[in-house]
Amino acid sequence: MKNSISKVNIYENLFVKSIGKLRENIKTIDEMVKILMGRYLLEPYENKDFTLKVLENTNEKYGEEKYLSLNNIETYKLKFKNSFYLVGFNRSNNGVYVEGNEWLKKQLILLRGLNKEELSNIFLVGEYLYLKEESYVCS
């Protein structure tokens with residue numbers, strides 16, 4: 001039987017190693033949109049179903065379930081490698097959501113960074129550091 005290490009174990013290990021070393025580095029939605037506009041074709045995208053999906057996913061991942069207003073959600077179509085992908089942002093919790101491209105999702109998580117409160121969240125810190133290491137190894 002092979003030893004298998006779950007992502008949870010990896011995230012926990014990365015979190016423990018990072019205690020006291022990480023600093024808040026979160027970008028605002030406006031900063032992220034500006035950076036993305038400089039790199040890709042980014043167009044506003046209005047679709048209530050996708051907006052709701054962004055709200056639900058970002059609230060689940062980043063918290064703030066008390067903010068259920070669709071008015072805090074911004075959605076875009078982003079052109080990457082001749083295809084369009086859907087990208088959403090939640091202004092209530094600075095959450096990001098990407099549909100259809102795992103690489104792009106990882107890049108947005110890294111671009112977003114972490115806020116002060118999130119630095120004590122094992123999952124968010126572990127995911128961020130895991131993706132950062134993965135990105136470094138792949139570059």
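Because only heavy atoms are used, hydrogens play no part in the values below, and waters and symmetry mates are left out as well, while side chains stay in.
Annotation: side chain of Val87 is not in contact with side chain of Tyr97 (no heavy-atom distance under 4.5 Å). Between Pro44 and Thr75 the shortest side-chain heavy-atom distance does not fall below 4.5 Å. Looking only at side-chain heavy atoms (C-beta outward), Leu110 and Tyr128 come within less than 4.5 Å of each other. For the pair Met32 and Val96, the minimum side-chain heavy-atom distance is below 4.5 Å. Looking at Asn90 and Asn59, their side chains come closer than 4.5 Å, going by heavy atoms from C-beta outward. With a 4.5 Å cut-off on side-chain heavy atoms, Asp30 and Arg91 count as touching. Residues Tyr62 and Leu124 are in side-chain contact: their nearest non-hydrogen atoms beyond the backbone lie under 4.5 Å apart. At least one side-chain heavy atom of Leu78 sits less than 4.5 Å from a side-chain heavy atom of Leu36.
Across Leu119 and Val125, no two heavy atoms sit closer than the pair O-CG2, 3.5 Å. The minimum heavy-atom distance linking Leu86 with Lys77 is given by the pair CD2-CG, 3.7 Å. In plain terms, the two heavy atoms of Thr58 and Gly95 that are nearest each other are CG2-C, 3.7 Å. Minimum heavy-atom separation, Glu12 to Ile122: CA-CG2, 3.9 Å. Of all heavy-atom pairs spanning Ile26 and Glu118, the tightest one is CD1-OE1, 4.3 Å. The nearest pair of heavy atoms linking Tyr85 to Phe80 is CE1-O, 3.6 Å.
A donor-acceptor pair under 3.5 Å is formed between the side chain of Glu31 and the backbone N or O of Thr28. No side-chain donor-acceptor contact under 3.5 Å links Ser18 to the backbone of Lys21.
Once rounded to the nearest 0.5 Å, the distance linking CG of Asn25 with NZ of Lys116 reads 14.0 Å. Taking CD1 of Ile109 as the reference point, atom CZ of Arg112 lies at 9.0 Å (rounded to 0.5 Å).
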**Message:** Is there a side chain to side chain contact (heavy atoms under 4.5 Å, CB included) between Lys53 and Asn57? Walk through the geometry before answering.
**Reply:** CA-CA 6 Å; Lys53 187 183 281 191; Asn57 280 278; 3.3 Å; yes
**Message:** Applying side chain to side chain contact (heavy atoms under 4.5 Å, CB included) to Asn101 and Lys105, what does each step give before you reach the verdict?
**Reply:** CA-CA 6 Å; Asn101 187 297; Lys105 175 185 171 185; over 6 Å; no
**Request:** Report the C-alpha separation of Glu74 and Val54 in whole Å, then their side-chain angles, then the decisive distance to 0.1 Å, and conclude whether the side chain to side chain contact (heavy atoms under 4.5 Å, CB included) test is met.
**Result:** CA-CA 9 Å; Glu74 288 184 23; Val54 172; over 6 Å; no
**Item:** Audit row: Asn72, Leu70, side chain to side chain contact (heavy atoms under 4.5 Å, CB included) steps and yes/no
**Value:** CA-CA 5 Å; Asn72 295 323; Leu70 295 178; over 6 Å; no
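Here Tyr45 and Tyr76 keep their ring centres 6.0 angstrom or further from each other.
Linking Ile, Leu, Val, Met, Phe, Trp and Tyr residues whenever their side-chain heavy atoms come within less than 4.5 Å leaves Val8 and Ile19 in two separate clusters. Residues Phe84 and Phe89 are members of separate hydrophobic clusters, defined by side-chain heavy-atom contacts under 4.5 angstrom among Ile, Leu, Val, Met, Phe, Trp and Tyr. Connection of Leu52 to Ile73 is established within a shared hydrophobic cluster, with ILVMFWY side chains joined at heavy-atom distances below 4.5 Å, either directly or through further cluster members. Residues Leu41 and Ile35 fall into different hydrophobic clusters, defined by Ile, Leu, Val, Met, Phe, Trp and Tyr side chains chained together at heavy-atom separations under 4.5 Å. Follow the hydrophobic side-chain contacts under 4.5 Å out from Leu131 and you reach Leu22 in the same cluster.
Partner of Glu127 under the side-chain hydrogen bond (donor to acceptor under 3.5 Å, both in side chains) criterion, chosen from Lys61, Lys7, Lys132, Lys106: Lys61.
Using a 3.5 Å distance cut-off with no hydrogens or angles, the side chains of Asn94 and Asn115 do not pair a donor with an acceptor.
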